[in-house]
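To start, the structure under review is shown below, and the notes come after it.
Below, all heavy atoms of this structure are taken into account, side chains as well, without hydrogens, waters or symmetry copies. Counting starts at 1 for both ligands and their atoms, in listed order.
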Amino acid sequence: MRMRKKKNGQARLDACRNRLLSESSLPMENPAREVSAEADRVYLEIGAGKGGFACEMARREPSAAYFAMERVTDCVVLCAERAESGEYGELPNLKFINDTADNLLSLFALGTVDKIFLNFSDPWPKKGYAKRRLTHRRYLALYLNLLSDGGEIRFKTDNVGLFDFTLEEISSLGLTPEVVTRDLHASEYNAGNVMTEYERSFSEQGMKINMLTLKKPEGFSVELPYDFTEDGRRRYLNGRD
Ligand SMILES: C[S@@+](CC[C@H](N)C(=O)[O-])C[C@H]1O[C@@H](n2cnc3c(N)ncnc32)[C@H](O)[C@@H]1O
């Protein structure tokens, strides 16, 4: 998402500090408790953009602890201001994380997330950039490690190339999505769908929205993604050895 530099960005971010995840006890062993004593499940959105989806989801599901991650600080300012505006109510169950998906292992303990939302992730269409796609198998392996048994990934995109790529990546892990639709808005799965900013814009242009859900099977395990340091040690996606 291209974003013009926000005026007084730091001051505006500081004003919404309580909307941001505090760095006191990371990685979170019990993320729900970081948000409220009553929260009974943990939702994580990656690439929250302007935050409309996060605010509406947190409003609709007050007993879920909702974490919305966005790497662009100016977007996080917009997200946090939106959450604070009162338009969606108080939203005590919503926190934003100004960080990148590569650092997820430093933030959440394994098995602590119940649902992961990926909405209109950047498609990175050039083949050489495939590893940057948020549905590349190395990210999927990371998400599947973060999810609890029976946890779920929900992915929406207008981009057919990225959708096909994602189906192949899922299949490479030996998994099959529960739901696949190439036209979400005309499907039975549209009931209760919360539209994102990109989704609204693409569907107003007449584009179809693809959606899939992937459940982590009971007992499923996949190795965390890693590469190698110069001295041959494994380095996990977040730099943890
Ligand atoms: C195309 S926008 C979609 C925004 C929003 N989800 C929507 O549907 O309207 C993708 C967003 O993902 C964010 N993003 C991309 N890569 C990311 C990463 N590795 N970690 C966190 N956020 C990321 C971008 O900064 C951008 O705001």
### Message
Restricting to non-hydrogen atoms, name the atom on L134 and the atom on Y139 that form the minimum distance, rounded to 0.1 Å.
### Response
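Of all heavy-atom pairs spanning L134 and Y139, the closest is O-CB, 3.4 Å.
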
### Query
How far apart are the closest heavy atoms of K95 and V35, and which atoms are they?
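Closest heavy-atom pair between K95 and V35: CG-CG2, 4.0 Å.
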
### Task
Examine ligand 1 and decide if any of its atoms is less than 4.0 Å from a heavy atom belonging to E199.
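Not so, E199 does not reach ligand 1.
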
For [X], take its heavy atoms, then give the atoms of ligand 1 lying under 4.0 Å from any of them.
X	result
T196	7 (C), 8 (O), 9 (O)
F120	1 (C), 2 (S), 3 (C), 8 (O), 10 (C)
E197	9 (O)
V72	25 (O)

### Query
Which bit of D99 gets closer than 4.0 Å to ligand 1, counting heavy atoms only: side chain, backbone, both or neither?
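The part of D99 near ligand 1 is the backbone, not the side chain.
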
### Validation row, ring centre F67 to ring centre F108 under 6.0 Å
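Centroid separation for F67 and F108: below 6.0 Å.
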
### Query
Just checking, R133 and W124: is the charged tip under 6.0 Å from the six-membered ring centre and within 45° of the axis?
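Pair R133/W124 does not count as cation-pi.
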
### Task
Could you name the option among G51, P123, G47 that has the heavy atom nearest to atom 6 (N) of ligand 1?
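When every heavy atom of G51, P123, G47 is considered, G47 comes closest to atom 6 (N) of ligand 1.
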
### Query
Of E70, M69, E45, which has the heavy atom at the shortest distance from atom 27 (O) of ligand 1?
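When every heavy atom of E70, M69, E45 is considered, E70 comes closest to atom 27 (O) of ligand 1.
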
### Query
For C75, is at least one N or O under 3.5 Å away from an N or O on ligand 1?
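Not met; the criterion fails.
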
### Y198 N/O under 3.5 Å from ligand 1 N/O
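Among all N and O atoms of Y198, at least one is under 3.5 Å from an N or O of ligand 1.
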
### Query
side chain to side chain contact (heavy atoms under 4.5 Å, CB included) with K156: which of L118, N193, N210, L212?
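Of all the options given, the one that passes is N193.
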
### Message
Under a 3.5 Å distance rule, please check whether R19 uses its side chain to pair with a backbone N or O of L94 as donor and acceptor.
### Response
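Between the backbone of L94 and the side chain of R19 there is a qualifying donor-acceptor contact (under 3.5 Å).
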
### Message
Treating N93 as the side-chain partner and E61 as the backbone partner, does any N or O pair qualify as donor plus acceptor under 3.5 Å?
### Response
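A pair under 3.5 Å: yes.
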
